[in-house]
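What you see is a predicted model, and the numbers here were worked out from it, not measured in a lab.
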Amino acid sequence: MGSLIWFSQFLCLSFILLQFRVRSSSPSQSSLDSPQHLCHPEERSALLDFKSTTNMVEGCLGTPIIQTWNESIDCCLWEGITCDKPKDHVIGLDLSRNCLEANLTTNSSLFRLEKLQSLNLSHNNFSFPNISFGFHRWKSLTYLNLSELGYMDGSLLFEISLLSKFVSLDLSHNDGLLLDNIKFQMLVHNLTELRFLILDSVNMPLVVPSSLLNLTSSLEYLSLSDCNLQGNFFTSIFNLTNLTYLRLSSNKLIGPLPYNISGLSFLYKLQMDNNFITGHVPSWLFSLPFLSHLDLRNNRLTGPIDHVEMPNLILQEVYLSNNEISGSIPSPFFHLVNLTIVDFSSNNLSGTMTANMLSKLVNLEILDLSNNSLLSLSNDGTVVNYSFPNLWFLKFSSCNIHKFPSFLRKAERLRELDISKNKISGQIHKWEMEGMSLCRLNLSYNFLTGIDPFGLGNVVTIDLRSNLLQGSLPILSTTWDSMILLFISGNNLTSEIPLSYCNLTFLRILDLANNSLGGKIPECLGKLSNLTSLDLRMNKFHGRIPNSFVNGSQLRTLNLNGNQLEGILPRSLVNCSKLEILDVGNNNLNDTFPHWLGVLQSLKVLILRSNQFHGAINNSMPVFYFPHLRIIDVAQNDFMGLLPSNYFKILKGMRVVAPADKVKLEYIGYVLGHNNVKCVLVRICSMSHHDINYKDSVKVVVKRLELELVRILTIFTTIDFSGNQFHGEIPEELGELNLLKVLNLSHNSLTGQIPSSLGKLAELESLDLSSNNLEGRIPEQLTNLIFLSVLNLSHNEFEGHIPEGRQFSTFSNDSYIGNSGLCGFPLTKKCHNEEERGALPSQFDEEDDSTALFEWKFALAGYGCGLVLGLSLGYIAFTIGKPWWVVKKVEKYQQKLVGRCNRRHKKRKTQKPNQRS
């Protein structure tokens with residue numbers, strides 16, 4: 001009965017909103033049969049004049065309805081026009097979403113439509129310059145929608161405030177519209193008949209809570225999301241007792257919700273997500289008689305949910321995620337039998353959710369209780385076969401589950417089950433899953449030792465990463481032909497890859513990394529044309545890499561690092577035109593440099609480290625080769641000859657020539673970010689966005705430390721040619737790669753001097769030229785490298801004074817060891833002109849403050865691992881999308897530290913002559 005009352009009220013509400021909407025451009029049969037009544041000539045003329053002043057926004061598709069207006073047809077029959085029947089006056093104009101642009105000045109012909117009651121110009125590009133007069137002529141206007149017009153200033157508000165008959169007003173999503181307290185009160189004080197007010201994204205930081213008391217009590221629909229409202233508005237707003245819809249999302253609302261209220265009896269939708277609301281969740285939220293949608297996610301609610309005395313049986317959707325709610329879910333909550341969506345994820349809930357509790361929510365479709373570390377899910381110990389007739393999504397990730405919830409096998413419509421990051425151990429048997437029709441199953445990061453996959457049915461995504469699975473890879477069921485994503489990395493699996501995996505023709509990701517799999521890689525895997533990521537690293541595969549990659553392959557990532565593969569790189573890789581990451585490091589491959597891979601225009605990462613590649617690197621490659629390469633690692637091989645200077649010239653992905661060439665902050669390879677497999681009930685699954693997290697990763701070596709880049713940013717660029725047999729001089733061309741972060745040419749037989757052009761590598765953070773035969777002075781230009789945190793020039797034949805200042809003031813003796821001709825700080829060996837040059841002191845003066853001494857020691861000790869920590873923090877910062885505050889703080893600290901060192905250095909130089917005198 002309550003549902004019927006709510007539904008009838010909703011129909012009435014919809015009728016009011018739609019009563020002035022566009023009527024069909026094609027008249028009904030009855031209108032064709034009736035005598036034709038031409039609209040008033042002056043109104044037709046006004047509309048045609050307005051048409052002549054409009055233009056179509058560039059780039060829009062389709063034809064604006066205004067272009068169909070024809071003088072030979074009664075204007076009351078024009079699309080977008082509504083006339084009143086008795087007098088044929090134009091009372092409604094709807095030009096919404098027509099890609100129109102125009103300036104509506106005081107003299108606009110629209111103001112000649114003095115009988116206008118409804119005007120909708122939303123989602124166009126209209127502006128209102130000098131509109132001091134005009135709106136007042138629309139004395140009958142009751143419906144006005146000016147949302148998303150681009151830019152609108154506050155001069156329009158005074159005109160609007162003079163119209164007292166408004167029933168519906170929408171000024172949302174207009175840049176430049178700012179409402180202070182005075183303007184807001186001016187706008188609403190005269191609107192006594194207002195029932196619908198929408199001001200989303202209107203900037204209102206100075207509007208105080210008491211101003212909302214000026215809103216008419218007849219208001220039914222109020223939307224003030226993303227308005228920068230600040231303070232506690234609950235008392236003022238909850239006095240609007242006729243509200244049916246209230247949205248206050250994405251503001252800065254603070255304080256607790258009232259303990260109890262007496263109004264809001266007609267409210268059916270309440271959204272106050274993304275604020276700073278504190279306190280408990282009051283029980284009245286679940287007792288409002290018509291409330292069907294409640295959203296309080298992303299606030300600061302705490303404590304247990306108050307006990308619900310009289311639950312509202314109409315409530316359908318509840319979102320309380322990302323708060324700090326604790327305690328157990330009250331038992332009356334499970335009497336809300338019409339609930340379809342419940343999201344309590346990322347709180348501090350505790351207790352146990354039993355099969356009996358869930359079974360009471362017979363209409364439940366989506367349940368997300370993830371990230372509640374003290375909350376468990378279990379059978380209640382009975383043998384009752386509970387039914388979950390509508391449940392299709394259940395997420396219990398990062399909770400306290402110890403056993404697979406086998407009672408869910410009766411959830412015949414369940415399509416997505418995520419119980420990852422729990423404490424489930426042992427074997428999952430066929431009978432525990434039999435009857436499920438899952439499309440997606442996530443059991444990653446548990447302690448499973450085995451799983452029988454034959455109970456899963458027509459599954460599309462399986463994630464078994466980071467468990468304790470043993471023995472052979474699961475033999476795939478014939479019903480798995482539609483498998484798209486398969487993750488089994490980080491287990492203890494042995495044996496070979498079954499040939500049945502080659503039947504997965506829709507497979508996009510196959511991740512078997514970090515196991516103990518052996519044998520040969522099946523040739524047929526290269527024929528999976530839809531495969532985008534193949535990760536077999538850190539296993540025991542041997543033999544040759546399959547030479548079966550088909551033309552038109554979608555492969556973007558091939559990671560075979562850390563196996564026992566031999567032979568040459570398969571030439572069929574040239575068929576993988578979308579390949580971005582190729583990592584075959586740490587194998588036994590025996591080949592020459594694969595210059596032929598240069599035709600792969602998307603290739604960004606090439607790792608050949610620790611194999612038996614040999615010979616010279618071709619120095620005459622075409623200029624279009626390797627245009628986007630950003631990571632190249634050929635270390636620990638048997639390459640010889642000169643360093644390929646022309647090759648470095650063509651690496652366009654490592655340099656910026658003009659501002660337009662600046663690299664965008666993106667990820668390399670296959671990043672399946674927050675994706676989900678959503679299934680329809682006819683056992684067909686399609687990809688949509690939600691919750692799978694997969695990132696390609698590679699390992700790089702920086703200062704002999706192996707770092708795993710879990711997300712490979714385009715801004716990370718590295719060249720590692722170390723541990724080979726290169727000879728000759730370092731090419732000047734390397735200095736043009738001004739995006740380079742890491743350069744390692746160590747452990748070769750390079751001669752000559754360090755080219756001063758390396759001082760132009762403005763982004764360089766790590767430079768290793770150790771264990772070569774380099775000579776001469778260290779170029780002063782290297783002091784320009786203000787981000788350099790790792791420097792290794794040891795075991796060469798350098799001589800002369802070590803440059804001073806900036807980053808060179810932070811490097812230790814280890815950076816220069818094995819160069820007998822070097823002198824100056826930080827070495828104990830002084831140069832012959834040391835006193836004149838005034839080296840930095842070995843320790844600080846006694847009068848130096850303890851803070852400065854601490855900072856200096858911290859800098860010397862910290863830079864050893866600074867790059868490693870910096871890279872880690874950098875990737876975390878970029879992942880959350882807020883890196884700039886980190887950058888600014890680091891730069892500020894760096895400038896402060898170097899400045900102190902320079903001031904003390906100058907002070908020491910002036911003190912020494914005085915001491916001698």
Side-chain angles (χ1 to χ4, degrees), residues 232 234 253-261 270-288 291 293-313 315-361 364 366-381 386 388 391 393-403 405 407-408 418-424:
N232 190 325
F234 308 124
L253 305 183
I254 61 173
L257 295 171
Y259 182 74
N260 53 51
I261 61 170
L270 175 60
Q271 291 180 268
M272 296 191 293
D273 54 290
N274 293 287
N275 281 287
F276 301 94
I277 304 172
T278 56
H280 288 200
V281 180
S283 61
W284 58 262
L285 288 170
F286 305 102
S287 301
L288 295 175
L291 191 68
H293 182 111
L294 172 63
D295 192 347
L296 288 169
R297 68 186 122 182
N298 298 315
N299 278 286
R300 297 179 178 178
L301 297 167
T302 58
I305 300 173
D306 290 347
H307 184 72
V308 182
E309 295 289 345
M310 298 178 61
N312 161 24
L313 300 183
L315 194 60
Q316 295 180 355
E317 299 179 22
V318 178
Y319 304 91
L320 294 176
S321 60
N322 289 293
N323 282 284
E324 299 173 20
I325 303 170
S326 59
S328 59
I329 301 174
S331 56
F333 184 84
F334 297 98
H335 297 154
L336 303 173
V337 294
N338 282 307
L339 281 174
T340 58
I341 300 176
V342 175
D343 185 356
F344 284 1
S345 61
S346 299
N347 280 286
N348 299 317
L349 295 173
S350 58
T352 300
M353 180 81 70
T354 67
N356 181 44
M357 293 176 179
L358 285 178
S359 66
K360 295 178 181 179
L361 303 176
L364 191 63
I366 298 175
L367 175 62
D368 190 349
L369 296 172
S370 58
N371 295 301
N372 287 283
S373 59
L374 300 178
L375 185 64
S376 183
L377 174 67
S378 72
N379 199 328
D380 54 12
Y386 294 108
F388 309 93
L391 187 65
F393 179 96
L394 178 61
K395 185 173 182 181
F396 240 100
S397 176
S398 298
C399 290
N400 192 33
I401 303 176
H402 291 260
K403 188 177 180 180
F407 62 86
L408 290 173
D418 185 351
I419 47 177
S420 61
K421 299 178 182 178
N422 278 285
K423 302 173 183 177
I424 305 172

Visitor: Flag the pair Tyr259 / His280 as yes when their ring centroid distance falls below 6.0 Å, and as no otherwise.
Guide: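 Here the rings of His280 and Tyr259 have centres that are no less than 6.0 Å from each other.
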
Visitor: Locate the shortest heavy-atom distance separating Asn299 from Ile277; write the atom from each residue and the value.
Guide: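 Heavy atoms of Asn299 and Ile277 come nearest at OD1-N, 3.1 Å.
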
Visitor: Test Asn356 against Tyr386 for side chain to side chain contact (heavy atoms under 4.5 Å, CB included), laying out the working first.
Guide: CA-CA 7 Å; Asn356 181 44; Tyr386 294 108; 3.6 Å; yes

Visitor: Would you say the side-chain atoms of Asn347 and Asn372 include a donor-acceptor pair closer than 3.5 Å?
Guide: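 The criterion, which ignores hydrogens and geometry beyond distance, is not satisfied for Asn372 and Asn347.
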
Visitor: So, Asn323 side chain and Leu296 main chain: donor-acceptor pair closer than 3.5 Å or not?
Guide: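 Pair found, side chain donor or acceptor close to backbone of Leu296.
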
Visitor: Testing the basics here: between Leu285 and Leu257, what is the closest heavy-atom pair and its distance to 0.1 Å?
Guide: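 Closest approach of Leu285 to Leu257, heavy atoms only: CD1-CD1, 4.0 Å.
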
Visitor: Could you tell me which non-hydrogen atom of Asn260 sits nearest to which non-hydrogen atom of Trp284, and how far apart they are?
Guide: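 Scanning both residues, the minimum pair turns out to be CA-CD1, 3.7 Å.
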
Visitor: Over all heavy atoms of both residues, which pair between Phe388 and Ser359 is shortest? Give the atoms and the distance, please.
Guide: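 Heavy atoms only, the tightest pair is CE2-N, 3.6 Å.
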
Visitor: Under a plain distance cut-off of 3.5 Å, with no hydrogens placed, do Ser420 and Ser397 share a side-chain donor-acceptor pair?
Guide: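 Ser420 and Ser397 do have a side-chain donor-acceptor pair below 3.5 Å.
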
Visitor: Show your working on side chain to side chain contact (heavy atoms under 4.5 Å, CB included) between Val318 and Phe344 and close with a plain yes or no.
Guide: CA-CA 8 Å; Val318 178; Phe344 284 1; 3.7 Å; yes

Visitor: Counting N and O atoms only, with roles assigned by atom type, does the side chain of Ser370 sit under 3.5 Å from a partner on the main chain of Ser345, one being a donor and the other an acceptor?
Guide: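 Answer holds: no.
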
Visitor: Does the Asp273 side chain pair with the main chain of Asn298, one donor and one acceptor, at a distance under 3.5 Å?
Guide: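 Such a contact is absent between Asp273 side chain and Asn298 backbone.
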
Visitor: Within the distance-only criterion (no hydrogens, no angle test), does the side chain of Asn338 pair as donor or acceptor with the backbone N or O of Leu313 below 3.5 angstrom?
Guide: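 The answer is yes, because a donor-acceptor pair under 3.5 Å joins these two groups.
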
Visitor: Ignoring hydrogens and angles, tell me if any N or O in the side chain of Asn400 forms a donor-acceptor pair with the backbone of Ser376 under 3.5 Å.
Guide: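 No, because the side chain of Asn400 does not come within donor-acceptor range (under 3.5 Å) of the backbone of Ser376.
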
